[in-house]
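As structure tokens, the structure follows; a few thoughts come after it.
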2 protein chains.
Amino acid sequence: MSLTDTSKHSNCSAMSDVLSRIGDKWSVMVVGMLSRNGTLRFNELKRLINGVSQRMLTLTLRNLERDGLVSRTIYPEVPPRVEYSLTEMGKTLQEPINALWDWTAENHHSIIDARDIYDQRQTAVEAAEPRKIAYARGQ
Amino acid sequence: MSLTDTSKHSNCSAMSDVLSRIGDKWSVMVVGMLSRNGTLRFNELKRLINGVSQRMLTLTLRNLERDGLVSRTIYPEVPPRVEYSLTEMGKTLQEPINALWDWTAENHHSIIDARDIYDQRQTAVEAAEPRKIAYARGQ
DNA sequence: CCGTATCCGGGCAGATACTG
DNA sequence: CAGTATCTGCCCGGATACGG
């Protein structure tokens, strides 16, 4: 099945479903970090992923675990040690995510440029014609 | 640059930036529809994309246009006609998105299964040990 | 037909405090 | 160390009404 395969595009809800996880930036970061480093402890992940709160990291890891993408191993020690790594299915996610990562690397500058141009045109229009701005810029 | 390329992983903010657009389900749907059909009018898109509100479609299209991924052509007619299509850059997005789409098709069932198993375990634990549930199931 | 403006309710994320 | 619980604010997205 592919995007261009009109037949049997299931109900798209599958895509939405998965995307809501993939699209979550923390999820992608976690998968990225685990795919590079293999196995990481909670606080290692927290340090590596810039800006994530404890709460969000916990939630993200729980969801990934629930979806069978990340495995969680608790070592009954004091102090506690919990290690995270990708499951086999999680590893297969690397490839499509890598594709996205590469695309980003190649096109991010173009996007930035496109935005600048767009914004300049808009501010020009705005000056000439007050009101008529799409949802007052964002929202 | 790739996920496994530790050097020069820029600041990851680029990835977050692009992901917040890719991760948006409406954006993906729009790109998907345009990549299949080539060119579509506003209401054609609205009909094709199940459940999108007028507001969200407008906002999504504006953002995609601003990022240089979608081009918008207005025909000065009555009633007005506006056509959307992918730009060259937008077309290059097809490939990574397709990869994601394919991955979804292959793994969605496994994810559903994993969730069921996880949830069953959790309800069991819950019964035995009230309290101690990760953020009371979601949030 | 193709939008824009405005109101509004729910959910998501940060901050904080607390445990085994 | 690795979480959990709770409070709070605010952003996002739907619904609605209107306009060129």
Side-chain angles (χ1 to χ4, degrees), chain A residues 16 19-21 23-30 39-66 70-85 122 125-126 129-139, chain B residues 16 19-21 23-30 39-66 70-85 122 125-126 129-139:
Chain A
S16 299
L19 269 173
S20 64
R21 189 128 328 278
D24 177 39
K25 75 172 183 173
W26 298 133
S27 294
V28 174
M29 291 300 164
V30 167
T39 296
L40 291 169
R41 301 179 60 170
F42 185 85
N43 275 348
E44 287 176 331
L45 276 168
K46 188 163 178 341
R47 269 187 297 269
L48 283 169
I49 301 175
N50 211 301
V52 70
S53 68
Q54 193 166 28
R55 173 192 152 82
M56 278 303 101
L57 183 55
T58 301
L59 245 27
T60 302
L61 286 167
R62 285 296 174 284
N63 283 327
L64 289 172
E65 189 195 359
R66 187 170 101 103
V70 159
S71 69
R72 177 168 178 262
T73 314
I74 308 173
Y75 295 88
E77 307 171 355
V78 175
R81 178 161 57 107
V82 180
E83 288 186 346
Y84 294 92
S85 59
Q122 287 310 301
V125 170
E126 220 166 308
E129 201 174 338
R131 293 293 143 147
K132 201 69 176 195
I133 305 110
Y135 290 97
R137 192 76 102 221
Q139 182 82 212
Chain B
S16 298
L19 270 172
S20 64
R21 188 127 327 276
D24 177 40
K25 75 172 182 173
W26 298 134
S27 293
V28 175
M29 292 299 166
V30 167
T39 295
L40 291 169
R41 302 180 59 172
F42 185 85
N43 275 349
E44 287 176 330
L45 276 167
K46 188 162 177 345
R47 268 186 298 269
L48 283 170
I49 301 174
N50 211 300
V52 70
S53 68
Q54 195 166 25
R55 171 192 155 82
M56 277 302 101
L57 183 55
T58 302
L59 244 27
T60 302
L61 286 167
R62 285 296 172 284
N63 283 328
L64 289 172
E65 189 195 358
R66 186 169 104 102
V70 159
S71 69
R72 178 169 177 262
T73 314
I74 309 172
Y75 294 88
E77 306 172 357
V78 175
R81 178 161 57 106
V82 181
E83 288 186 346
Y84 295 91
S85 59
Q122 286 310 302
V125 171
E126 222 165 308
E129 201 174 340
R131 293 291 143 146
K132 200 72 177 189
I133 305 111
Y135 290 97
R137 193 76 104 219
Q139 181 79 210

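Since the structure is predicted, the reported quantities are computational estimates derived from the model, not experimental observations.
With a 6.0 Å cutoff to the six-membered ring centre and a 45° limit on the axis angle, A:Arg55 counts as a cation-pi contact of B:Tyr135.
The distance from atom OH of A:Tyr75 to atom P of C:dG20 is 25 Å, rounded to the nearest whole Å. Between the CG atom of A:Leu59 and the P atom of D:dT4 there is a distance of 9 Å, given to the nearest Å.
Set against C:dG3, D:dG3, C:dT6, the side chain of A:Phe42 has D:dG3 as its closest nucleotide. Considering only side-chain atoms of B:Trp26, the nucleotide from C:dT4, D:dG3, D:dG14 that sits closest is D:dG14. For B:Val82, counting side-chain heavy atoms from C-beta on, the closest listed nucleotide (C:dC2, D:dG14, D:dA2) is C:dC2. In the set D:dC1, D:dG3, C:dA15, D:dC1 carries the atom at the smallest distance from any side-chain atom of A:Pro80. If you check D:dA5, D:dG13, C:dT4 against the side chain of B:Arg55, the one that comes closest is D:dG13.
Between A:Ser53 and the phosphate of C:dG14, there is a side-chain N or O to OP1/OP2 separation shorter than 4.0 Å. Regarding contacts with the backbone of C:dG3, every side-chain N or O of B:Arg41 stays at 4.0 angstrom or more from both OP1 and OP2. Checking the phosphate oxygens (OP1, OP2) of D:dG3, a side-chain nitrogen or oxygen of A:Arg62 falls inside 4.0 Å.
Between A:Thr39 and A:Ser85 the shortest heavy-atom distance is OG1-CB, 3.7 Å.
Note on A:Tyr84: only backbone sugar-phosphate atoms sit closer than 4.0 angstrom, heavy atoms only; bases stay farther off. Nucleic acid contact for A:Gln54: base, since at least one base atom lies under 4.0 Å from a heavy atom of the residue.
Both B:Asn43 and A:Pro79 lie close to DNA chain C; mapped to their nearest nucleotides by heavy-atom distance, the more 5′-ward contact belongs to B:Asn43. The residue among B:Met56 and A:Glu83 whose nearest nucleotide of DNA chain D is located toward the 5' end is A:Glu83.
Two residues are said to be in side-chain contact when any heavy atoms from C-beta on lie closer than 4.5 Å; A:Gln54 and A:Leu57 fail this criterion. Side-chain contact between A:Val52 and A:Met29: absent, with no pair of heavy atoms (C-beta onward) separated by less than 4.5 Å.
To the nearest 0.5 Å, atoms CD (A:Glu44) and CD1 (A:Ile49) are separated by 11.5 Å.
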